[in-house]
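Report on one structure; see the data block that follows.
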There are 2 protein chains.
Amino acid sequence: MKDPCPQHAHRHRLIQPALNELTDQLRRNARKITAPRQAILNVLRRHQHPLTNREIHAALSGFECDLATVYRNLNTLEEMGMVRRFDFGDGTARFELLIEGDDGHHHHLVCTQCSTVVEIEDCFPAELETALARRHGFKHISHKLEFFGICPKCQERGRS
Amino acid sequence: MKDPCPQHAHRHRLIQPALNELTDQLRRNARKITAPRQAILNVLRRHQHPLTNREIHAALSGFECDLATVYRNLNTLEEMGMVRRFDFGDGTARFELLIEGDDGHHHHLVCTQCSTVVEIEDCFPAELETALARRHGFKHISHKLEFFGICPKCQERGRS
DNA sequence: ACTTGGATGCAAATCAATTGCATTAGCTTC
DNA sequence: GAAGCTAATGCAATTGATTTGCATCCAAGT
């Protein structure tokens, strides 16, 4: 099978979890294995970069389900810790499938012109974050971090 | 005049720009000095922490203007670089007045229970960001970074 | 004072996301 | 394998933030 998403070939982690592993996770969480659910997981499994609800809905190959069902499922999948929600500040949430055992913590570099997404390995330094929490007396601290810029291709286009 | 916003007394930078400095900035940008505009700037000037359009609209003391006007003004003020837009991921934008000459770059620590906001001095290390941009060939790189956690007061409340 | 284009008010439209409700269909139990 | 319970779904309507069309108004320049 060829890469389902060539423009995101630069993504590092390209493990495709087997579908039955995913359904097992559902079972363990006392969730029913429904057709929409499986179709959605299949889409997420094949496109391992942040997808909007709408994109997921559009990518449901063959099988159709209501957009509201996609929204509902991504919310429950997030609660279950099977997907991670990202916010690129454009008003629509994006989701990525998580690999079991991996908390999926990572960030993105997004092109402000063509929306190309690169997965980033860097993260805000943990010791700074800990110090920050202590300094202000906060507990259970976390962060949202995304980078924005102009990708190489759009720089080319700009010059032409 | 007492602090207009006691629960944000921990905010460090509490310079209140004079209203006429702000109107000067408008003039320099060929913007008309209108009553709604001044009222909005006045609100931002008095409450130097992130405010939603709705909050700003509600805080317009005495003077009333349409909510759409608030939205339009914050967009133009953002274009002019007089305010900075923040996104805490709750679906509504927040704005802070910028001090002239300061690019206003900073981040926040937000309580996920009571929404208390603390301004943060830390930032993602510039050298890491530069390296990141170079590594992926991106230009004009920037980032969005916000921290979330449980504030001291809510920790108390939780225990009781 | 006169003119003009930006600014405003008001209502309607968008757009993402959620929700109420009747119906359907997994999954457990017998 | 049928019965029963409840989650899950489809569909339509709703919410909430934000934008926009349009007629009117007014700040600023001449």
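Proteins come first, then strands; the chains are lettered A, B, ... in the order of their sequence lines, and each starts at number 1. What you see is a predicted model; the values in this text were computed from it and never measured.
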Side-chain N,O (A/Arg31) to OP1/OP2 (D/dA7) below 4.0 Å: no

Look at all strands and tell whether B/Arg72 reaches a base, only sugar-phosphate, or nothing, counting heavy atoms closer than 4.0 Å. base

What's the NE2-C1' distance between B/His57 and D/dA17, to the nearest Å? 14 Å

Centroid separation A/His107 to A/His143 less than 6.0 Å: yes

Just to be sure I understand the rule, does B/Ala30 reach a base, reach only the sugar-phosphate, or reach nothing, if contact means heavy atoms closer than 4.0 Å? nothing

A/Tyr71 side-chain N/O to C/dT18 phosphate OP1/OP2 under 4.0 Å: no

Over how many whole Å does the gap from A/Asp66 atom CG to D/dA13 atom C1' extend? 12 Å

With a 4.0 Å limit, can you tell me whether B/Asn73 has a side-chain N or O closer than that to the phosphate oxygens OP1/OP2 of C/dT8? yes

5' precedence on DNA chain C between A/Leu67 and A/Arg27 (nearest-nucleotide basis): A/Leu67

For A/Arg45, is there an ion pair with A/Glu21 - N to carboxylate O distance below 4.0 angstrom? no

Of the listed nucleotides C/dT19, C/dA11, C/dA7, the one nearest the side chain of B/Ala68: C/dA11

For the residue pair A/His136 and A/Phe138, does the interplanar ring angle fall in the parallel (under 30°), tilted (30 to 60°) or perpendicular (over 60°) class? perpendicular

Closest nucleotide among D/dG10, D/dA17, D/dA7 to the B/Arg54 side chain: D/dA17

Are OP1 or OP2 of D/dT9 and a side-chain N or O of A/Thr34 less than 4.0 angstrom apart? yes

Heavy atoms under 4.0 Å, any strand shown: does B/Ile33 hit a base, just sugar-phosphate, or nothing? sugar-phosphate

Distance below 4.0 Å between A/Asn75 side-chain N/O and C/dA17 OP1 or OP2: no

Roughly how far, to the nearest 0.5 Å, is CZ of A/Arg31 from CE of A/Met80? 6.0 Å

Donor-acceptor check, side chain of A/Glu78 to backbone of A/Arg84, threshold 3.5 angstrom: yes or no? no

Looking at B/Asn53, I'd like to know whether one of its side-chain N or O atoms comes within less than 4.0 Å of OP1 or OP2 on D/dT18. yes

